[in-house]
Structure formats: structure tokens, C-alpha cells
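For reference, the structure is listed below as C-alpha cells.
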Amino acid sequence: MSTLTVTLPDGSTREMPAGSTAGDVAASIGRGLAKAAVAAEVNGAEVDLSSPLPPEGCEVAIITANSPKGRHILRHSTAHVLAQAVLQLWPGAKFAIGPPIENGFYYDFDLPGGASFSDDDLDRIEARMREIVGEDQPFEREELTRDEGLAMFADQPYKIEIIAGVDPDEGAAGGSVSAYRNTGRFVDLCRGPHVPSTSRLGSFKLTRVAGAYWRGDEHKAQLQRIYGTAWESDKALAEHLKQVEEAEKRDHRRLGVELDLFHFPSEIGGGLAVFHPKGGLIRKAMEDYSRTEHEAGGYEFVYTPHLAKSTLFETSGHLQWYAEGMYPPMEMEGATYYPKPMNCPMHMLIYRSQQRSYRDLPLRLFELGTVYRFERSGVLHGLLRARGFTQDDSHIFCTPDQLESELASLLAFVIRLLRTFGFEDFEAELATRPEKYVGDPAEWDIATEALRLALESAEVPYVVAEGEGAFYAPKIDVHIRDAIGRRWQMSTLQVDFQLAPRFDLEFTGADNARHRPYIIHRALFGSVERFFGVLVEHHAGAFPAWLAPVQARVLGVRNDHDDTAAAVAARLKAEGLRADWVQGDEPLGARIRRAKLDKLPYVLVVGDDDVAAGTVGVNARGADRPERGVPVDDFVARLRAEVDTHAAVG
RNA sequence: GCCCGAGUAGCUCAGACGGCCAGAGCAGGCGCCUUGUAAGCGUCAGGUCGUGGGUUCGAUUCCCACCUCGGGCUCCA
């Protein structure tokens, strides 16, 4: 009997009988692996466990359910089960696409008579899905020609459109398509691979219904989408659901109300926030830090208005390229004004206000500039996606040979700032020229290369996002990971060759000739509001002392300690610390509890012993037990140091 | 913009086959209590039940429209 040689990921080889499948390889390695296997990679291509291996031998890697690829596959398979359930419960429904997504999957349907799903339908559908899982239906792959595919899905217009869209000349399959059949009950057009049987699924939950457009195009049919999450085990599912719950508890919109930080008055309009005094204190601490650092970094502070005439935005190119992101215009005295969507045009005018010499460069203009952008109502999301927000915006004008060192020091500045705010995990994205762009492609290449060099010299890990750049410049977006592992885009850095010629900006070089400056746009927080929102979620509202609106609350044990409490609070305030005190007309425990619910870093307690000894009891947030008899001076020094060093915990 | 869901006190929520003064906890005011580390007691106040129409003898409840908020709107079979 002939054999074939398979090479495993560790480099080892084994002989298998000819005609063996990937599943056989898994079984030959061990029972545990066979049980965990959901699919395999053969010579780098994902295939079903049941697919026969090529007779000439191959490399085989088993994909297990608890790997990213394995979860992807079982989510995809679960989406098929969802489609089967819906087609059975809504006879005549058309089904469109059902891919795996991060943490789960979805499937889009067109229900008969234009019906739509309601939340109550999820239970019914889920119950039917569990029956399908219980039926242990195999996933069986079928290879079809294009015409067979068109015939098989003759009554499914979305599937027909997908098959028609498959390029007949593309790929090894050469115009063929594949389908997966679950017994006689259900068949779906699908490239696969899939788990061997529905019995391999089960740790899933349908989460929500939504509308979605066919192919994401609002001019096409609106479909009904069902989202679900699926995992390799009930334990993993439970962990995910717990994580979702934790994220809900950290939601900055919820904490914003609970901690009295900000709100979005409907009287003002969607996406436009007001900051309350406590939120204002946090924001002020952020902005103070930012200003101090910029001052130290050689930036000069400028201020510009919120409106400008349309001609400015014609010069900058915004009206031509960015009009859909701008607020509508207003007319006054025969001119048309727009709220500014970006600060750059105004900064260009400041540069142009006088002749510049190479000796003036680099010129770094900084502004906490509030901009307004039109965002469709459906995409607004608290402070994270607002219509009015403030950028810690800067434009750096430099000579070509200063570009590299400016970019390198900027990246270092970004990382330092993010670390100060408690973020440790960074990843950058280098976004290159989009389809819709201005300027000379050769200059785009120079700018992109300069950004790449900066990333490499700063040793920041990055990925390239092709075509994701702004219309006027390539950029580096710096992403952070928060306390519960979510990724957020924060800072951005762009190299721009367009604005200088548009505004006819020049500097006189050492050669006494006129030259174009290079311009770097950058924002470290990005949007102060958005950064604030992410900070709330990252810290779950428990801000480190340097940012906390109230750093320490002083409580007397009884109300005859009120004078001492007030004196201690006054002492802290005199030291420049943010402290308050609450009179003792409620039991101490109750007052402690309120302070804890407000997530204050420190609660100080003064009683008879403390009055006598000049000490306080220190109840630190997160500590196991309170400390007694701490001299006031010691506490002041400790909090002072914590604030001055921007200590992350406290 | 479009699909789904939700709007009852400052916050979190209950309630009603259409019918009597619409309830609770927290927060707030006042009083009592005099408290050593996460909820002391009492009392008072607080709501045009999102807005506007319709059905009805009667609507916060049923119907329609609108407003606001939340989730979603290619991660391409």
C-alpha cells in the first residue's frame, strides 16, 4: 500500500496511507488533537478535515477550535446553522451573507413580505439552532460548476448575485464554486472550510438584530441582520459575555452620568457635549499637562476662530475634498462661512503672515482647537464619536532635511504622553495613499517613506494600512490597548506636501532662495473629548490621583471632629491638592461608602486619636485595609509625589 | 438617512383588561442620632408617564406621526 509524507508544523514528518485525510492526520497524532480539530491547513490553504491529502505529500497543520483560525471556522459554521434555522422558521426567506466577525458572526436575510426580526424572535431562532446542533448534521462540501451553482440557488437572488460576481478566470478553481450541505435540509454557497458536523457547535448566543444594507450600500436592499457570538466552549462563551458586561459597566456615557462628568443636552444637539465641573477638572488636568509638555517641546501657542469664509476652505481643498464631513454653510454680508472641520488652514495663515527664514524652522504651532464635523446621526457614540471636539492640534513647518528628526521626536512625544495617561501597549498603523487624493504620487511616496523610517527608528510595532490615508497626506495612527484589551485609535501624525503650495508658503534658505516648507500635522490626544472618553473606560472611572477631580476627602469620625476635618482639607488645598470634607452627621461607614462610589483615590478619617497626634487615617482606593495614625505631613508628601509623577495607580 | 429597540421623579427601575390620589430604591431638603473605615432612623418635596394628533364617555396605557437616546448598516460566499 502506498503512502504519502506529511510534514507537521514542528518540522517532523509522518507517513500516512494514500488517501488519508487531514482528519486522519489529527487522529494519528492523538485523541485530544482529533477532538479539538475543526479544520486543517494543507500547504497553507484552509481545508475541511475530511478533504483527502494530495498523494505527493504535503505540509499539514491542524486547526483547533481554541485558536483564532479555529474560532473563525466554528463561527462561520454557526452562521450556517443560524441561516438554516431562519429559513425553516420563515419559509421563503432569502439569505444573503453570513461571515464570521470578531467574537462572533452574523447573517443577513430578506424576509418574505418585508418582515423584520424583533428581539423576541431571537429566542425562537436560537431554540431551533440548538435542535440543529443536536441533530449532528454533517457539513458536506460539494464542488459545483458555475452553472450548477446558478441552478442550485435559482430561487436565491443574493446567492445568484454572488456566483455571478465570481470572476470565471480567477483562482485555481477556475470559475467553479463550492457549497456546503447539511443533510437534505440546508445547503449554502460557501468557500469553507467548516467543522465536520453541527454537533461540534453549541457554545453560542444570538445577541441582537439590526438592519444592514446588501453589500453595505444604502442604495441597495435593506436586509435583516442577526448577530451572534460563538466560542469553542461554554466557558469561553461565559468569559466573553462577562467581558461584554464589564465593558458595559465601563461605558463612558454611563459613568459620565454617574460621576457627574459631562452630558449631551438634546437642547444643544446630537454629538455636542457639555462638561460638568468634575469632568472639567479632569479635562483641565489633561490640558494643563499637554500645554506644559508642548511648551517644553518648543511649541508656540496660537488661537484661531471657529468659522471662516468659504474661500479659505477652497484654498485648503477642504470644500473640494472634505465637504461631506463639514457642517453646512451660513451666509452673512454676502459671504459664505463654514464652521472649521480642521485647524490647519488657519495655522497656514499664521505662517504666511510674515516672511520666514530657514532660521525660524522648525516652527511648531500648537492649539487646542475646537472643530466641527458633520457625522451622520447613526454613527454618533458619546464622546468617542462627536460632532464638535477639540484637537490638541499642531502644525510643524520644517525644512526637508529636518523632517526625519522632527518625526522621530514626535513619535517619542506621543509615546511619552500615552504612557503618562496609563497606556502601555501601542501599535501603529501606517496609512498610505487612498483612491481619492490630492498631490503628486511621488511626494506621497517620500512622505510615506519618512513616516516608515520614523516608526522603525522609534521601534514602534506597526502595520501598513493600504489606502487608509487622509486625502491630503499619508499618516501614522497610533493605537493603544486599554485595561480590558480593547484597541483604540488615538494619536495621528501626517506629512503633508499639499498645503504649502496651496497657501504658497515659503521660507528663505541659506542659499537666499525661496523654498517650500514641509508640514507635519499631528494630534496626540487626537480629540480631547475622545481621549477623555477612552480614559474613563480605561480606568473605569477611577482616575489616578493626578487626574481625579477630588483627590482626597476628609471625614471626621463624629461631627465634633468637623473643625479638624476642615483644617486638614484646607491644609491639602494650600498644598495645591484637590481635597474636600464632609460633616459628620451621618455614620462614618455611610460617608466612606459615598466616597468609594465616587471612586475617590483617598479618604482621610480624623478621630480623637488623630486630633491628639496630628495624624489621619488613610483609606486608599484599592487598598486591603485602611492605615491608621499617618502624620498629615507624610500624607501630603505622598499625595504630592503621586500627583507630580502622574503615578498610574493611587 | 435606513432597520430594530427604548423613552414613567435628578439616577436606576416597577406598574396599568383603557377607569379611583402613578409606585419603589438611590440622590435632594428638614429633623433626630454622635457615629473609627462600603448603607442609622424619621419626615418632606419631587412626575403635563418624550411631544403632537387620533380612537374612546374616559388614554400615561390602544393607533399614527414626530423628537430624543441606544444597537446595527461588507470584517465581502
Side-chain angles (χ1 to χ4, degrees), chain A residues 72 75-76 79-80 83 95-108 111 114-122 149 153 156 158-166 177-180 188-192 194 207-227 248 251 253-254 257-260 263-267 269-271 376-382 555-562 583-598 603-610 616-621 623 625-629:
Chain A
H72 208 70
R75 284 165 187 158
H76 195 176
H80 278 225
F95 58 139
I97 58 170
I101 54 174
E102 190 179 359
N103 296 332
F105 58 90
Y106 67 80
Y107 217 112
D108 287 346
L111 296 183
S116 53
F117 294 119
S118 73
D119 287 345
D120 300 333
D121 293 327
L122 293 183
F153 294 101
Q156 289 292 341
Y158 300 101
K159 299 298 176 188
I160 295 290
E161 198 176 321
I162 294 164
I163 296 170
V166 172
V177 296
S178 57
Y180 278 77
D188 192 1
L189 182 70
C190 186
R191 135 192 335 149
H194 279 285
T207 50
R208 60 177 71 95
V209 302
Y213 297 100
W214 172 233
R215 305 251 194 223
D217 181 343
E218 63 187 274
H219 302 297
K220 292 187 172 157
Q222 170 118 30
L223 304 176
Q224 292 292 311
R225 175 171 297 181
I226 293 179
Y227 281 92
E248 278 168 14
D251 190 311
R253 293 165 301 180
R254 174 193 177 122
V257 173
E258 281 177 12
L259 299 177
D260 193 20
H263 85 290
F264 288 87
S266 59
E267 292 86 342
R376 296 194 303 170
S377 58
V379 308
L380 297 175
H381 186 85
L555 305 174
V557 173
R558 295 185 311 271
N559 60 10
D560 52 324
H561 300 120
D562 283 354
Q583 22 180 347
D585 49 9
E586 261 188 316
L588 182 63
R591 286 175 287 147
I592 300 261
R593 181 167 190 273
R594 284 169 205 270
K596 294 290 181 188
L597 291 176
D598 283 344
V603 181
L604 305 182
V605 174
V606 290
D608 293 333
D609 303 345
D610 301 295
V616 291
V618 177
N619 186 328
R621 183 178 62 204
R625 55 181 59 239
E627 303 156 55
R628 289 285 298 272

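Hydrogens, waters and symmetry mates play no part in the numbers below; they use all other heavy atoms, side chains included. Below, read A as the first sequence line, B as the second, and so on, with proteins coming before strands; counting in each chain starts at 1.
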Q: Please state whether the rings of A:His194 and A:His76 are parallel, tilted or perpendicular, taking 30° and 60° as the class boundaries.
A: tilted
Among [options], which nucleotide sits nearest the side chain of [X]?
X: A:Arg593; options: B:A39, B:A77, B:C3; answer: B:A39
X: A:Cys190; options: B:A77, B:C3, B:C75; answer: B:A77
X: A:Val257; options: B:U35, B:C11, B:U37; answer: B:C11

**Q.** Check: A:Asp610 side chain, B:G36 base, donor-acceptor under 3.5 Å
**A.** yes
Q: For nucleotides B:C49 and B:G40, find the distance between their P atoms and express it as a whole number of Å.
A: 35 Å
Q: Give a yes/no on whether any side-chain N or O of A:Arg191 is located under 4.0 angstrom from OP1 or OP2 of B:A77.
A: yes
Q. Just how far, in rounded Å, is P of B:U34 from CG of A:Asp608?
A. 15 Å
Q: Describe the nucleic acid contact of A:Asp560 in one word from base, sugar-phosphate, nothing, applying a heavy-atom distance below 4.0 Å.
A: nothing
Q | Nucleotide-resolved protein contact map, nucleotides 67-74 of chain B, B/S/- at heavy-atom distance under 4.0 Å | A | --SSBBBB
Q. Taking protein heavy atoms under 4.0 Å as touching, what does nucleotides 28-33 of chain B look like 5' to 3' if B marks base contact, S marks sugar-phosphate-only contact and - marks none?
A. S----B
Say whether [X] and [Y], considering side chains only, have a donor N or O and an acceptor N or O under 3.5 Å apart.
X: A:His561; Y: A:Asp608; result: yes
X: A:Asp188; Y: A:Tyr107; result: yes
X: A:Arg215; Y: A:Tyr213; result: no

Q.
For A:Glu586, run the salt bridge (Lys or Arg N to Asp or Glu O under 4.0 Å) check against A:Arg591, A:Arg594, A:Arg593, A:Arg558 and tell me which one passes.
A. A:Arg594
